[in-house]
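Heads up, the thing below is written out as structure tokens.
Below, all heavy atoms of this structure are taken into account, side chains as well, without hydrogens, waters or symmetry copies. Keep in mind that this is a model prediction, so the values were computed, not measured.
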Amino acid sequence: NLAALIAQKGLRVGVIDTDIASPGIHVLFGLEERNIQHALNDYLWGRCNISQAAHDVTANLGITNQGKVFLIPSSLKAGEIAKVLREGYDVGLLHDGFNDLIDALNLDFLMIDTHPGVNEETLLSIAISDMLLIILRPDQQDFQGTAVTVEVARKLEVANMLLMVNKVPTVFNFSEVKANVERTYNTTVAAVLPHS
């Protein structure tokens, strides 16, 4: 939604799925598996450059102005996922790839979708980001996980951090939810979204 809204303003947005172990964001952008020529995994294994893994999904989002949305999905192939889990990869390539992608596609924004929790990709993404948006659900497990992520982000001196509370039951008072979450984490809540 954020990528589409930004693109509607005529800007160029990249979205990269670094959740290599359980990819899935391509579904939200209407990118069918059969149309994925290259994925992030191909870049990480030296099979293509990062911009070759970018898929223009602008038309799928109904954007009609000059804005663009490019999606860099992670591979859905079981063998590719298993290879990454078994052998790993050079996380430093991600940093280089992010910068190369911004330059190659002349991006105004690059959004990095990470794995829930804290791993190498998440730490790298947090450390190099201009803004961190943490999405949490109103349940005990997410509250604890968010506390860890917020603490890590503070130690990495993230300048701009926001929270978004997602899937809030409509019986809750959203103003109270917002106030409680802000008080708990001492961080601004950008939005409270209802369960739908």
Please test Glu80 against Arg47 for salt bridge (Lys or Arg N to Asp or Glu O under 4.0 Å), starting from the C-alpha separation and ending with a verdict. CA-CA 13 Å; Glu80 292 289 320; Arg47 298 180 199 137; 3.1 Å; yes

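- Using a 4.5 Å cut-off between side-chain heavy atoms of Ile, Leu, Val, Met, Phe, Trp and Tyr, with links allowed through other members, Ile6 and Phe70 fall into different hydrophobic clusters.
- Shown are Ile135, Ile72, Asp17, Leu28; of these, the side chain to side chain contact (heavy atoms under 4.5 Å, CB included) with Asp113 is made only by Asp17.
- In this structure, the side chains of Val148 and Val118 come closer than 4.5 Å at one or more pairs of heavy atoms.
- Ile112 and Val150 are not part of a single hydrophobic cluster, where members link through side-chain heavy atoms under 4.5 Å apart.
- A donor-acceptor contact under 3.5 angstrom links the side chains of Arg154 and Thr187, judged on distance only.
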What do the steps show when you test Val168 against His195 for side-chain contact (heavy atoms from CB on, under 4.5 Å), and what is the final call? CA-CA 5 Å; Val168 177; His195 179 74; over 6 Å; no

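- The minimum heavy-atom distance between Ile20 and Ser74, with the atom names listed, is CG1-OG, 3.5 Å.
- Taking all atoms of both residues into account, the shortest heavy-atom contact from Phe143 to Tyr185 is O-OH, 2.7 Å.
- Within the 4.5 Å cutoff, the side chain of Ser129 has no heavy atoms near those of the Val158 side chain.
- For the atom pair CG (Leu156) and CE (Met161), the distance works out to 10.0 Å, reported to the nearest 0.5 Å.
- Listed by first and then second residue, the salt bridge (Lys or Arg N to Asp or Glu O under 4.0 Å) pairs involving residues 93-108 amount to none (not counting sequence neighbours).
- Residues Asn60 and Phe29 fail the side-chain proximity criterion, which asks for heavy atoms closer than 4.5 Å.
- Shown here for Thr114 and Thr18, the closest heavy-atom pair between the two residues is CA-OG1, 3.4 Å.
- Counted within 6.0 Å of CD on Gln66, heavy atoms from surrounding residues, nucleotides or ligands total 12 or fewer; the atom is thus considered open.
- Proximity of Met164 to Ile134: side-chain heavy atoms (C-beta onward) are nowhere separated by under 4.5 Å.
- Using modelled atom types, one side-chain atom of Ser75 and one backbone atom of Lys77 make a donor-acceptor pair closer than 3.5 Å.
- Side-chain contact between Leu40 and Leu94 is present, with at least one heavy-atom pair separated by less than 4.5 Å.
- Listed for the Asn180 side chain is a donor-acceptor partner under 3.5 Å among the backbone atoms of Glu176.
- Put simply, the side chain of Leu105 does not reach to within 4.5 Å of the side chain of Ile102, judged on heavy atoms.
- Among all heavy-atom pairs drawn from Val69 and Ala3, the shortest one is CG2-O, 3.8 Å.
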Do His55 and Asn35 pass the side-chain contact (heavy atoms from CB on, under 4.5 Å) test, and can you show the C-alpha distance, the side-chain angles, and the key distance before you say yes or no? CA-CA 9 Å; His55 299 77; Asn35 294 329; 5.9 Å; no

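- Side chain of Asp42 to backbone of Ala39: a donor-acceptor contact under 3.5 angstrom is found.
- When the side chains of ILVMFWY residues are joined at heavy-atom separations under 4.5 Å, either directly or via intervening members, Leu136 and Leu2 end up in two distinct hydrophobic clusters.
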Would you sort out whether Leu132 and Asn160 count as a side-chain contact (heavy atoms from CB on, under 4.5 Å), showing the intermediate values? CA-CA 6 Å; Leu132 174 63; Asn160 299 303; over 6 Å; no

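- Taking all atoms of both residues into account, the shortest heavy-atom contact from Leu76 to Pro23 is CD2-CG, 3.7 Å.
- Of the possible donor and acceptor atoms, one in the side chain of Gln52 sits under 3.5 Å from a partner among the backbone N and O of Asn49.
- A donor-acceptor pair is defined here as one N or O able to donate and one able to accept, closer than 3.5 Å; no such pair exists between the side chain of Arg12 and the backbone of Ala7.
- A donor-acceptor contact shorter than 3.5 Å is absent between the side chain of His38 and the backbone of Ile36.
- In Asp130, the CG atom is not crowded: 12 or fewer heavy atoms of neighbouring residues, nucleotides or ligands sit closer than 6.0 Å.
- Linking ILVMFWY side-chain heavy atoms closer than 4.5 Å, directly or via other members, places Met111 and Leu124 in two distinct hydrophobic clusters.
- Remark: the backbone N or O of Gly97 is paired with a side-chain donor or acceptor of Tyr43 at under 3.5 angstrom.
- The backbone N or O of Arg137 sits nowhere less than 3.5 Å from a side-chain atom of Asn166 that would complete a donor-acceptor pair.
- When side chains are defined from C-beta on, His95 counts as touching Ile128, because their heavy atoms get closer than 4.5 Å.
- For Asn65 (side chain) and Gln8 (main-chain N/O), a donor-acceptor pair under 3.5 Å exists by modelled atom type.
- Linking ILVMFWY residues whenever their side-chain heavy atoms come closer than 4.5 Å, directly or via other members, leaves Leu71 and Leu107 in distinct clusters.
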When you look at Ile25 and Val15, which way does the side-chain contact (heavy atoms from CB on, under 4.5 Å) test go after all the steps? CA-CA 9 Å; Ile25 197 169; Val15 179; 3.9 Å; yes

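- Annotation for Phe174 and Pro169: closest pair CE1-O, 3.7 Å, computed over non-hydrogen atoms.
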